[in-house]
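Can you keep this structure in mind? I'll have questions shortly.
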Amino acid sequence: MKPSRSAQQGGAALEGTAAAEPAERAAGAMPEVVSWSACELATAIRSKRVSCQEVMKAYLGHIERCNPRVNAIVSLRDDDELLDEAAWRDRQLARGEWLGWMHGFPHAVKDMALTNGIRTTCGSPLVDLVPEEDDIYVERLRNSGAIIIGKTNVPEFGLGSQTYNPVFGVTLNAYDPSKTAGGSSGGAAAALALRMLPVADGSDMMGSLRNPAAYNNVIGFRPSYGRVPSGPSPEVFLGQLSCAGPMARSVADAAKLLAVMAGADDRAPLSIEQGPEIFATPLERDCKGTGLGWLGDLGGYLPMEAGILELCRNALEAFEGIGCVVEEARLEFPPERLWHAWVTLRHWLIAGALGDFYRDPSKRARMKPEAQWEVEGGLKLAAMDVFQASAARSAWYQALRRLFEKYDFLVLPGAQVFPFDATIHWPGEINGIAMDSYHRWMEVMIPASMAGCPAISLPAGFDRHQRPMGIQLIGRHHADFALLQLACAYDQATGWVTRHLPPSLAGA
């Protein structure tokens with residue numbers, strides 16, 4: 001199977017993409033196998049109710065039908081190679097060798113992560129390599145039996161929550177292909193929503209697991225920093241804003257995938273020592289009396305597109321229905337100070353990562369303007385600027401810790417705008433308020449990112465135009481399992497993912 005035409009041609013323009021392709025391209029019966037949850041699929045494979053080859057055939061056929069419409073999966077490998085690997089997984093099972101929860105799973109890795117033997121681009125024409133090693137978490141996926149079929153599309157260098165790049169083109173929303181899938185894990189979210197993958201991996205610096213999850217009616221979990229080791233990387237101590245995590249169509253599936261991805265590794269000295277086994281245990285718990293602090297739009301500070309706060313407040317009723325106590329929470333910290341610290345630290349880290357490209361004029365010209373802006377901001381910084389930003393981040397963490405003395409969890413909207421037109425790079429304004437950078441419209445994401453605390457995006461419903469939206473839960477320092485327990489109770493009570501298929505699948 002070949003990538004879609006848009007994936008083969010690439011190109012930076014957002015017009016003339018797969019959005020123009022008719023809905024009939026995705027028509028056809030959806031195989032029963034791809035409709036199963038990941039937990040159901042793992043059980044069926046291990047019990048030999050379905051073979052790994054049958055699973056692979058079903059998924060590859062479904063991808064061929066659905067992917068040309070959204071361009072979510074790129075760098076797809078050859079069908080015959082993948083079927084041979086699936087046959088090998090079947091032979092392993094026949095010998096009693098079960099590698100783990102993902103044994104025989106077709107899986108596409110976010111194209112920001114290294115994949116041994118499979119093309120990695122980071123969505124940039126300046127990065128085109130076939131690595132000889134995996135990222136740590138990708139290595140763990142393989143060791144658990146996953147079959148890597150290709151990659152999921154990302155924005156250039158993973159910058160921004162709009163998945164387009166000059167290598168593969170734009171990825172479109174699973175529910176409305178005229179809209180963005182979000183990003184930077186946009187390809188992962190759209191593929192997951194359209195049942196082209198059982199589960200997906202992603203990464204999150206500013207909201208790259210949570211925002212696309214909200215835009216595609218799936219679940220994105222940003223774990224505590226260090227829960228999923230990063231790297232291998234030439235710098236292992238300073239880059240503490242971004243982390244990898246799971247995406248899924250149920251919280252139970254997300255927790256199982258986290259159990260595969262998580263755990264300490266001495267190549268990542270800041271990784272969390274706690275074993276990952278707890279995430280594979282049952283998530284059920286009594287939520288009665290659990291206190292939630294609703295932060296909303298941070299007391300009117302954050303501009304929000306009409307309808308988002310109302311949808312999220314409706315979602316709060318579902319939490320109350322499972323026994324939670326929800327109260328309005330007040331943020332005792334100036335949000336503008338948090339924003340300025342965020343911009344400084346992001347400039348600094350991105351300039352460190354992309355500075356070599358920028359210093360070469362010929363390569364700089366091939367970087368998108370937003371990437372150049374980040375590097376230029378970093379080059380203007382003094383050491384004391386970075387220290388002061390880190391001090392502000394530390395003060396924010398202490399303010400958040402005090403809030404957690406009153407509330408068990410905090411709640412925020414999953415985005416400030418609904419999925420927007422896929423032909424624009426980023427929203428220039430919200431409610432008439434101009435956005436002064438390509439990511440200012442995502443400011444609602446940084447409270448969790450800057451604290452290093454676990455956060456999860458859960459579906460909150462749809463507006464009158466049937467655009468998806470999510471809601472964020474933020475947990476205490478290292479309270480990943482407790483957060484997943486509450487999220488699971490909400491997921492089971494609402495069933496947003498299973499109740500609302502993307503339109504192209506609804507009649508399949």
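Because the structure is a prediction, the values reported are computed rather than measured. Index from 1, following the sequence.
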Item to complete: Can you run down the salt bridge (charged side-chain N to carboxylate O under 4.0 Å, His left out) pairs that involve residues 314-342, sequence neighbours left out, and say none if there aren't any?
Response: Arg330-Glu332, Glu336-Arg440
Discussion item. Restricting to salt bridge (charged side-chain N to carboxylate O under 4.0 Å, His left out), what partner residues turn up for Glu156, sequence neighbours left out?
Written reply: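 Here no residue qualifies.
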Response to the item:
Taken in chain and number order and not counting sequence neighbours, the residues that satisfy salt bridge (charged side-chain N to carboxylate O under 4.0 Å, His left out) with Arg249 are none
Worksheet item: Can you tell me how far CE of Met205 sits from OG of Ser161, rounded to the nearest 0.5 angstrom?
Response: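 Going from the OG atom of Ser161 to the CE atom of Met205 covers 14.0 Å.
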Worksheet item: Sequence neighbours excluded, which residues qualify as ring-ring contact (aromatic ring centres under 6.0 Å, His included) partners of Trp348?
Response: none
Discussion item. Restricting to non-hydrogen atoms, name the atom on Cys312 and the atom on Ile471 that form the minimum distance, rounded to 0.1 Å.
Written reply: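 Scanning both residues, the minimum pair turns out to be O-CD1, 3.6 Å.
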Worksheet item: By ring-ring contact (aromatic ring centres under 6.0 Å, His included), which residues pair with Phe333, not counting sequence neighbours?
Response: Trp396
Worksheet item: Side chains of Ser449 and Arg346: donor-acceptor distance under 3.5 Å anywhere?
Response: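 Checked: Ser449/Arg346 side chains show no N/O donor-acceptor pair below 3.5 Å.
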Worksheet item: Below 4.5 Å, heavy atoms only, C-beta onward: do Val444 and Gln472 meet side chain to side chain?
Response: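 Yes - at least one pair of side-chain heavy atoms lies under 4.5 Å apart.
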Item to complete: Please list all pairs passing the salt bridge (charged side-chain N to carboxylate O under 4.0 Å, His left out) test where one or both residues lie in residues 491-500, with sequence neighbours left out.
Response: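 Listed by first then second residue: nothing to list.
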Practice prompt. Any salt bridge (charged side-chain N to carboxylate O under 4.0 Å, His left out) involving residues 170-197? Give me the pairs, sequence neighbours left out, ordered by first then second residue.
Written response: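 Found Asp176-Lys179.
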Practice prompt. First locate atom CD1 of Ile430, then atom CG of Leu302, and finally report the distance between them rounded to the nearest 0.5 Å.
Written response: 8.5 Å
Discussion item. Does any part of the side chain of Val33, heavy atoms only, come nearer than 4.5 Å to the side chain of Leu41, both counted from C-beta?
Written reply: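 They are in side-chain contact.
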Worksheet entry | Listed partners of Asp253 passing salt bridge (charged side-chain N to carboxylate O under 4.0 Å, His left out), at least two apart |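 With neighbours one apart ignored, the set is empty.
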Practice prompt. Indicate whether any N or O donor in one side chain lies under 3.5 Å from an N or O acceptor in the other, for Arg393 and Thr344.
Written response: no
Worksheet, complete the sentence: For Arg210 and Ala455, the nearest pair of non-hydrogen atoms, with its separation, is CD-CB, 4.0 Å
Item to complete: Classify the ring geometry between His500 and Phe462 as parallel (under 30°), tilted (30 to 60°) or perpendicular (over 60°).
Response: tilted
Worksheet item: If every non-hydrogen atom of Cys453 is compared with every non-hydrogen atom of Tyr397, which pair is closest and at what distance?
Response: SG-CE1, 4.3 Å
Item to complete: Would you indicate whether the side-chain heavy atoms of Val228 and Pro246 approach each other to under 4.5 Å?
Response: no
Practice prompt. Measure the shortest side-chain to side-chain distance between Phe168 and Asp111 over non-hydrogen atoms and say whether it is less than 4.5 angstrom.
Written response: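 Heavy-atom side-chain distance check passes, below 4.5 Å.
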Worksheet item: What side chain to side chain donor-acceptor pair (under 3.5 Å) pairs are there with at least one residue in residues 404-415, not counting sequence neighbours?
Response: none
Worksheet item: Relative to the ring of Trp342, is the ring of His439 parallel (under 30°), tilted (30 to 60°) or perpendicular (over 60°)?
Response: tilted
Worksheet item: Restricting to pairs with a member in residues 294-306, which pass salt bridge (charged side-chain N to carboxylate O under 4.0 Å, His left out), not counting sequence neighbours?
Response: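 For residues 294-306: Glu305-Arg467.
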Worksheet item: What pairs with Trp426 under ring-ring contact (aromatic ring centres under 6.0 Å, His included), at least two apart in sequence or on another chain?
Response: none
Fill in: Separation between OH of Tyr175 and CG of Leu505, rounded to the nearest 0.5 Å
8.0 Å
Practice prompt. Check whether more than 12 heavy atoms from other residues, nucleotides or ligands sit under 6.0 Å from atom CD of Glu273, and answer yes or no.
Written response: no
Fill in: Minimum side-chain heavy-atom gap Asp480-Leu483 below 4.5 Å
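Side-chain contact under 4.5 Å: no.
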Worksheet item: Can you tell me if Lys151 uses its side chain to pair, donor with acceptor, with the backbone of Ala113 under 3.5 Å?
Response: yes
Fill in: Passing candidate, side-chain contact (heavy atoms from CB on, under 4.5 Å) with Tyr438, options Gln162, Glu370, His425
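Exactly one candidate clears the test, Glu370.
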Item to complete: For Phe409, check ring-ring contact (aromatic ring centres under 6.0 Å, His included) against everything at least two apart and list the hits.
Response: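 Scan of Phe409 (ring-ring contact (aromatic ring centres under 6.0 Å, His included), adjacent residues dropped) gives none.
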